[in-house]
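Below: the structure, in structure tokens.
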Amino acid sequence: MTKEDTASRLKTAAHWYAELREPDADDRTWDKFRAWEGSDPANRAAFRQVEASLSLLEGSSLAAPGAGNDYSSSATQSAARKSGRARLYWFAGIAAVLVLAVVSVIALNPPAAPAAQVYATAIGDTRDVTLEDGSQVTLNTDTELAVTYSESERRIQLDHGQALFSVVKGTRPFIVAAAGSETRALGTRFEVYRGPEDVAVTLVEGSVSVMPEAAGQGSAVTEVGEESAATVLVPGDRLVMRGGAIASLTQVDTSEALAWQTGILQFRDVTLGEAIAELNRYSETKLRVDDPALAQERLSGSFPAGDQETFVETLKLYLPVEVSRQGKEMLIKTTGDPG
């Protein structure tokens with residue numbers, strides 16, 4: 001219930017309280033009051049609140065003229081009738097003060113913000129989650145996000161990692177915030193990856209808009225310059241943002257981009273350094289390459305996520321490399337390199 005609803009209900013309750021205290025209140029008036037009171041439990045509660053507050057005032061020095069309860073004296077009945085409207089105005093004035101006090105309390109003590117629901121995965125794990133509106137989220141390896149649904153929006157805060165969102169259409173916008181960016185959708189399927197330095201948004205179906213968050217506000221720029229700030233994606237688009245600005249916008253094969261859901265990582269003409277960075281997300285055993293020239297070698301192929309051994313053994317078939325182990329680390333170097 002809004003504070004406007006509360007104020008209106010209290011004013012109506014105060015009016016009824018004043019009417020029922022009038023000497024000429026008849027059965028018809030009482031029947032109307034009982035119909036109003038019985039139509040909603042909130043009406044009954046409002047009347048009790050007014051009754052408790054104003055009853056205390058009637059016996060005090062603030063009591064309205066003729067506020068006493070004895071209307072039986074014939075000498076006073078005429079005066080009581082004349083004072084009826086004055087009493088009603090007095091009750092209305094006191095009710096206004098009561099409403100102001102109640103609304104002020106509501107304003108000073110607003111309802112608590114909806115609690116966020118946090119979901120996470122460990123290294124090498126994935127997780128499927130169904131949100132309260134039926135939207136689906138698939139969390140990739142080493143991912144954490146917080147879900148907060150309010151009356152005005154459905155908001156996801158991606159702390160780190162990668163997630164695929166299948167959004168059910170609704171009147172509230174579905175927003176994924178990550179590292180200074182916001183991706184908005186009403187009904188669509190898209191992926192957001194928050195890396196160490198950038199955010200990549202890949203659209204699979206439907207349409208989304210991506211924009212920078214307002215600095216320090218945690219919400220997107222929605223007024224001045226909104227149209228120029230937002231970039232609308234079409235299926236197959238991958239938008240990379242870095243530092244709140246667009247770094248690149250390219251078309252990708254979405255089946256390859258989402259291959260991680262099957263446990264397979266697909267690389268197409270990437271550097272060895274880029275492949276290693278991706279492979280390391282899925283395993284506690286980390287690959288390392290120190291030679292800058294070797295790290296720039298390019299490769300393509302499909303590899304099991306988290307299976308570092310298979311990757312390095314396959315790599316040996318195509319490049320003159322060898323591997324040395326140091327605890328949970330595997331150093332890839334050129335054959336014969338003493339490093």
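Keep in mind that this is a model prediction, so the values were computed, not measured.
Counting only residues at least two apart or on different chains, the salt bridge (Lys or Arg N to Asp or Glu O under 4.0 Å) pairs with a member in residues 122-136 are Asp133-Arg154. Residue pairs meeting the ring pair (Phe, Tyr, Trp, His ring centres under 6.0 Å) criterion with at least one partner in residues 127-149, sequence neighbours excluded, are absent. Within the structure, the salt bridge (Lys or Arg N to Asp or Glu O under 4.0 Å) test picks out the following pairs touching residues 245-257 (sequence neighbours left out): Glu256-Arg268. Applying the side-chain hydrogen bond (donor to acceptor under 3.5 Å, both in side chains) test to residues at least two apart or on different chains, the pairs with a partner in residues 296-305 are Asp269-Arg298.
Heavy atoms from other residues, nucleotides or ligands lying under 6.0 Å from CD of Gln251 number more than 12. Heavy atoms from other residues, nucleotides or ligands lying under 6.0 Å from NZ of Lys32 number 12 at most.
With Arg189 as the fixed residue, the side chain to side chain contact (heavy atoms under 4.5 Å, CB included) test singles out one of Val204, Val167, Val208: Val204.
Classification of the Phe33-Trp30 ring pair by plane angle, with boundaries at 30° and 60°, yields perpendicular.
For Ala116, the side chain to side chain contact (heavy atoms under 4.5 Å, CB included) partners are Ala146, Thr148, not counting sequence neighbours. By the side chain to side chain contact (heavy atoms under 4.5 Å, CB included) test, Gln136 is found to be paired with Thr130, Ser166, residues two or more places apart in sequence or in another chain being considered. For Phe311, the ring-ring contact (aromatic ring centres under 6.0 Å, His included) test picks out Phe303, with sequence neighbours left out. Under the rule for a ring-ring contact (aromatic ring centres under 6.0 Å, His included), the partners of Phe174 that lie at least two apart in sequence or sit in another chain are Phe165. A search for side chain to side chain contact (heavy atoms under 4.5 Å, CB included) contacts involving Glu322 returns Lys333, Thr335, not counting sequence neighbours. Not a single side chain to side chain donor-acceptor pair (under 3.5 Å) links Glu284 to another residue, sequence neighbours left out. Evaluation of the side chain to side chain donor-acceptor pair (under 3.5 Å) rule for Arg238 yields Thr202 as partners, not counting sequence neighbours. Every side chain to side chain contact (heavy atoms under 4.5 Å, CB included) that Asp307 has, sequence neighbours left out, goes to Pro304, Glu309, Thr310.
Taking each heavy atom of Ala305 and Leu265 in turn, the nearest pair found is CB-CG, 3.9 Å. Minimum heavy-atom separation, Thr141 to Thr121: C-OG1, 3.6 Å. Taking both residues in full, the closest heavy atoms of Leu233 and Ser207 are given as O-OG, 3.6 Å, listed atom of the first, atom of the second, then distance.
When atom types are taken as modelled, the side chain of Ser283 and the backbone of Asn280 share no donor-acceptor pair closer than 3.5 angstrom. Without hydrogens or angle criteria, Ser181 side chain to Ala177 main chain gives no donor-acceptor distance under 3.5 Å.
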- [ ] Check the pair Arg288 / Glu329 against salt bridge (charged side-chain N to carboxylate O under 4.0 Å, His left out), numbers first and verdict last.
- [x] CA-CA 7 Å; Arg288 196 182 95 208; Glu329 188 174 79; 2.3 Å; yes
TODO: Take Lys316 and Glu313 through the salt bridge (charged side-chain N to carboxylate O under 4.0 Å, His left out) test and state the conclusion after the steps.
DONE: CA-CA 5 Å; Lys316 290 178 183 178; Glu313 290 303 319; 3.3 Å; yes
Open item on the list: For Phe190 and Leu203: C-alpha separation, side-chain torsions, deciding distance, then whether side-chain contact (heavy atoms from CB on, under 4.5 Å) applies.
Closed with: CA-CA 4 Å; Phe190 64 98; Leu203 180 62; 4.0 Å; yes
Task: Chi angles and distances behind the salt bridge (charged side-chain N to carboxylate O under 4.0 Å, His left out) call for Glu182, Arg155 - done: CA-CA 10 Å; Glu182 283 194 352; Arg155 176 170 289 269; 3.0 Å; yes
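With no hydrogens or angles considered, no side-chain donor-acceptor pair links Asn140 and Thr143 at under 3.5 Å. Side-chain N/O atoms of Glu278 and Trp260 include no donor and acceptor closer than 3.5 Å.
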